[in-house]
K.L.:
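Sharing a structure, written as structure tokens. Questions coming.
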Amino acid sequence: MRRIGWLFFTIAILLLITAGCSNDQQKAQERFDKYVAMWNKEDFKGMYGYLSKDAKKTISEKDFVNRYKNIYDAIEADKLKVKASKIEDLEIKDHKAVLPFEVNMNSVAGEISFKENAAVVQEKQGDTENWYINWKPNMIFKGLKQGEQVRVATQSAVRGEIMDRSGKYLAQNGEAIQVGVVPQQFSKGGEQAIQQLSKTLALSEKSINQALSASWVKKNQFVPIKTVSQKDASNLENSLKKVEGIQQKKVNARVYPCEEACAHLVGYVAPVTAEYLKEHKDEGYNAQSKAGMIGLESLYEDKLRARDGVMIYTVDKDGNKKNEIAKVNPKDGESIQVTVDTNVQKSLYEQLKDEKGVATALQPKTGEILGLVSTPAFDPNSFSFGIDANTYQSLSTNPDKPLMNRFTKTYSPGSTFKLVTGALAVDEGVVNPNESISISGKKWQKDKSWGNFYVTRVGSKPNVNLRDAYVTSDNIYFAQTALKLGLDKFNSGLKQFGFNQKMPINYPFETSKIAGDQDIKDEGVLANSGYGQGKLQVNPLHLALMYTSIVNDGNIVKPILMNGDESGIWKKQVISKETAQLIQNDLVDVIEDKNGTGHAAKIDGLTLAGKTGTAELKKTQGEKGQENGWFVAVDTKQKNLLVSMMVEGVEDKGGSHYVVPKVKNVFQQYNK
């Protein structure tokens with residue numbers, strides 16, 4: 001009996017010991033799990049409270065928190081995930097144990113992943129005995145030792161450049177001039193020096209003073225004030241010499257040689273905003289990144305973009321490199337070449353630079369875009385170099401809206417649309433182009449159901465055929481023609497010409513619309529639309545494309561912007577070959593006939609076909625309102641240039657006649 005008692009007693013003791021060990025294992029594991037949970041939340045202050053006495057002797061709470069925070073900020077740590085491994089039979093010896101864990105995170109240098117072991121110790125801190133982490137630097141990164149630091153190094157890559165069809169730069173990686181001051185010398189000039197510099201650089205005195213009062217500024221240190229192009233720096237040289245303490249430095253910069261003429265087309269590169277970072281999360285951008293904001297720079301950002309190389313590594317106390325943690329090699333951006341002709345682009349801009357307007361130019365046989373201009377414009381170099389608040393405010397509040405890209409928008413086409421109405425009517429057989437119809441007076445309405453609405457015309461020939469109607473731009477003729485076509489044929493014909501359909505080009509052009517994406521359902525609107533008023537809204541590039549049909553046997557070419565893209569047909573046989581030739585001949589007479597509305601565009605040696613158009617923007621008939629003047633012309637012999645141009649607010653400038661010589665000048669310059 002005595003032996004049996006001792007046996008039960010021994011077993012009981014062993015069970016108590018085993019239960020105690022099991023309880024300690026569970027507590028150690030749970031304690032480390034809580035530490036890991038705080039780590040995943042980046043609660044570094046909370047984590048410090050779980051450190052052992054020995055660990056706390058090596059690092060203060062402030063340094064512990066700052067070290068984690070500074071390292072994670074520097075490497076742009078994201079999607080941190082720390083996982084503690086579960087051990088079924090955790091070995092505990094002398095109140096110590098080892099718990100494995102795994103760390104995963106994204107960083108500026110890509111994904112970082114490592115496995116390590118955490119030493120935990122059971123000890124009393126204050127009045128409480130518990131398990132604590134015997135923290136060491138290798139818990140931040142594998143292999144990191146006491147006294148070592150984490151560094152991030154960037155290796156710059158080069159952004160791809162943008163060239164025109166002949167290889168001229170539209171956007172290049174060049175140099176600019178950074179104008180700055182040395183405070184110790186500059187301050188000798190006092191307020192007068194600040195005023196003079198403000199006037200010379202077109203900067204507010206406030207912005208200059210802010211630059212000079214920055215916390216890092218030292219008396220003998222160069223302080224950058226404004227970055228300007230080399231051309232501007234040369235122009236300002238004499239004025240800058242008068243200010244003591246001024247210095248100039250060459251800096252690498254994204255340069256736009258075409259300046260205002262190509263502003264909306266090419267766009268610009270600028271520092272990313274917080275909003276941009278949010279929209280492009282996980283795409284490798286950071287607070288120091290630059291990106292294309294509008295135009296080609298934005299459209300082809302993924303191709304042009306330079307992806308800098310980044311390396312995260314450790315160094316010892318003497319700055320010697322020790323271990324590489326993560327690395328991404330630099331990748332230069334890819335350069336692109338577009339179909340744009342810089343000479344044509346500048347020619348269009350010269351004609352429009354003092355106007356609110358838009359112009360497009362095409363190679364009408366291939367669909368290659370030679371020019372896209374919106375005015376007024378701005379200098380994209382200002383954004384690339386770092387635009388100041390006053391300049392941006394001036395641009396953004398300007399009532400003429402220089403920041404708005406007009407060639408992407410849609411407008412009422414006016415009489416330029418008569419190409420479509422006449423062509424559809426001939427093809428449908430609802431008019432005989434050679435037959436004259438009688439039109440009496442300068443205003444007409446179908447019947448009294450139209451109330452006070454009349455169609456008015458400028459030309460007043462009593463008998464008018466299709467050719468006459470084009471030459472004199474007879475609104476009544478085309479209103480009646482639209483009614484003869486009828487609602488169904490007119491609506492389907494417009495869709496045939498590409499209305500309510502996105503153009504096949506990778507650029508954010510608005511879609512031409514019939515009536516807000518709906519068919520025209522009213523005869524009054526139908527008549528009005530027949531001569532380009534009503535509810536028609538046309539994009540300037542689409543309008544130009546429609547005119548390619550008369551030099552391509554009735555086909556509308558596909559627009560091309562990237563050099564090397566294969567040309568093709570967007571809309572096949574929108575009109576018959578015979579009708580295309582007929583309309584072309586009539587539009588040649590618009591210019592060749594001395595009574596033609598486009599006669600001022602006649603150029604000896606060239607045979608142009610064209611059409612004027614004046615779009616009236618007013619709510620009620622008879623009132624005075626804004627008028628936009630249009631002119632579209634194409635060389636019918638060489639077939640190498642087609643231009644569409646619109647100028648806003650021509651009501652006191654002669655309507656569309658104001659635009660005709662501007663387009664003529666473009667053709668003359670092109671043919672030189």
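Here the structure is a predicted model, which means the values were calculated and not measured.
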K.L.:
Shortest non-hydrogen contact from Gly110 to Ser107?
P.N.:
O-OG, 2.7 Å
K.L.:
Could you tell me if Asn671 and Gln638 have a donor-acceptor pair between their side chains, going purely by distance under 3.5 Å?
P.N.:
yes
K.L.:
Under 4.5 Å between any side-chain heavy atoms of Arg305 and Arg159, yes or no?
P.N.:
yes
K.L.:
Closest approach of Arg307 and Asp302, non-hydrogen atoms and distance?
P.N.:
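Scanning both residues, the minimum pair turns out to be NH1-O, 3.4 Å.
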K.L.:
Roughly how far, to the nearest 0.5 Å, is CZ of Arg151 from CD1 of Ile71?
P.N.:
9.5 Å
K.L.:
To the nearest 0.5 Å, what is the distance between CE on Met562 and CD on Gln337?
P.N.:
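It is 9.0 Å, given to the nearest 0.5 Å.
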K.L.:
Any carboxylate oxygen within less than 4.0 angstrom of a Lys/Arg side-chain nitrogen, looking at Glu259 and Lys231?
P.N.:
yes
K.L.:
Hey, are the side chains of Val338 and Asn563 touching, using non-hydrogen atoms and a 4.5 Å cut-off?
P.N.:
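Not in contact.
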K.L.:
Which of these passes ring-ring contact (aromatic ring centres under 6.0 Å, His included) with Tyr268: Tyr256, Phe383, Phe385?
P.N.:
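Only one of Tyr256, Phe383, Phe385 forms a ring-ring contact (aromatic ring centres under 6.0 Å, His included) with Tyr268, namely Phe383.
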K.L.:
Say whether, by atom type as modelled, one donor and one acceptor occur between the side chain of Lys502 and the main chain of Ile505 under 3.5 angstrom.
P.N.:
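Flag set: sc Lys502 to bb Ile505 pair under 3.5 Å.
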K.L.:
Determine whether Ile369 and Leu362 make a side-chain contact, defined as any pair of heavy atoms from C-beta on separated by less than 4.5 Å.
P.N.:
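With C-beta onward as the side chain, the pair touches.
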K.L.:
Picking from Lys168, Gln669, Lys672, what satisfies side chain to side chain donor-acceptor pair (under 3.5 Å) with Asn343?
P.N.:
Lys168
K.L.:
Assess whether side chain to side chain donor-acceptor pair (under 3.5 Å) is satisfied between Asn381 and Ser229, documenting all intermediate values.
P.N.:
CA-CA 7 Å; Asn381 291 297; Ser229 68; 5.9 Å; no
K.L.:
Could you check whether any side-chain N or O of Gln351 sits under 3.5 Å from a backbone N or O of Val663, counting only pairs where one atom can act as donor and the other as acceptor?
P.N.:
no
K.L.:
Please step through side chain to side chain donor-acceptor pair (under 3.5 Å) for the pair Asn552 and Lys365, ending with a clear verdict.
P.N.:
CA-CA 7 Å; Asn552 286 300; Lys365 294 295 290 182; 3.1 Å; yes
K.L.:
Can you give me the closest heavy-atom contact between Ser384 and Lys290, atom names plus distance?
P.N.:
O-NZ, 3.6 Å
K.L.:
Check the pair Thr410 / Ser512 against side chain to side chain donor-acceptor pair (under 3.5 Å), numbers first and verdict last.
P.N.:
CA-CA 6 Å; Thr410 58; Ser512 299; over 6 Å; no
K.L.:
Indicate the atoms forming the closest heavy-atom contact of Pro364 with Val557, along with that distance.
P.N.:
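In this case the closest contact between Pro364 and Val557 is O-CG1, 3.7 Å.
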K.L.:
In chain order, what residues pass the ring-ring contact (aromatic ring centres under 6.0 Å, His included) check against Phe509, with sequence neighbours excluded?
P.N.:
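So Phe509 forms a ring-ring contact (aromatic ring centres under 6.0 Å, His included) with Tyr507.
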K.L.:
Per the disulfide (SG to SG under 2.5 Å) rule, what does the pair list look like for residues 233-280, sequence neighbours excluded?
P.N.:
Cys258-Cys262
K.L.:
Is a salt bridge present between Lys241 and Glu237, judged by a nitrogen-to-oxygen distance below 4.0 Å?
P.N.:
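Salt bridge between Lys241 and Glu237, a charged N being under 4.0 Å from a carboxylate O: yes.
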K.L.:
Please walk me through it: do Ser113 and Asn104 pass side chain to side chain donor-acceptor pair (under 3.5 Å)?
P.N.:
CA-CA 4 Å; Ser113 179; Asn104 289 280; 2.7 Å; yes
K.L.:
Using every non-hydrogen atom in the two residues, find where Phe667 and Asp635 come nearest and quote the distance to one decimal.
P.N.:
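Closest heavy-atom pair between Phe667 and Asp635: CE2-N, 4.0 Å.
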K.L.:
Could you state the interatomic distance from CZ (Arg67) to CZ (Phe44), rounded to the nearest 0.5 Å?
P.N.:
12.5 Å
K.L.:
Could you tell me whether the side chains of Asp388 and Asn390 share a donor-acceptor contact shorter than 3.5 Å?
P.N.:
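Result is no, nothing qualifies.
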K.L.:
Is the centre of the His542 ring less than 6.0 Å from the centre of the Phe497 ring?
P.N.:
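For His542 and Phe497, the ring centres are not under 6.0 Å apart.
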K.L.:
Would you please say whether a donor-acceptor pair under 3.5 Å links the side chains of Asn320 and Asp316?
P.N.:
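Checked: Asn320/Asp316 side chains pair up, N/O donor to acceptor below 3.5 Å.
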K.L.:
Heavy-atom count check: over 12 atoms from other residues, nucleotides or ligands less than 6.0 Å from Lys219 NZ?
P.N.:
no
K.L.:
Return the minimal non-hydrogen interatomic distance between Phe378 and Pro402, and the atom names on each side.
P.N.:
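What the structure gives for the nearest pair is CD2-O, 3.5 Å.
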K.L.:
Looking at residues at least two apart in the chain, or sitting in another chain, which of them share a side-chain contact (heavy atoms from CB on, under 4.5 Å) with Pro661?
P.N.:
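side-chain contact (heavy atoms from CB on, under 4.5 Å) list for Pro661, sorted by chain: empty.
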K.L.:
Are any non-hydrogen side-chain atoms of Tyr68 and Glu42 less than 4.5 angstrom apart?
P.N.:
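The answer is no, as the side chains (C-beta and beyond) never meet within the 4.5 Å cut-off.
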K.L.:
Heavy atoms, side chains only, cut-off 4.5 Å: are Val340 and Leu372 in contact?
P.N.:
no
K.L.:
How many angstroms lie between CD in Glu334 and OH in Tyr300, if you round to the nearest 0.5 Å?
P.N.:
11.5 Å
K.L.:
I want to check something: taking the side chain as every heavy atom from C-beta on, are Ile140 and Val103 in contact at a cut-off of under 4.5 Å?
P.N.:
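Contact flag for Ile140/Val103 side chains = no.
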K.L.:
Quick one: does Lys250's side chain get under 4.5 Å of Ile177's, heavy atoms only?
P.N.:
yes
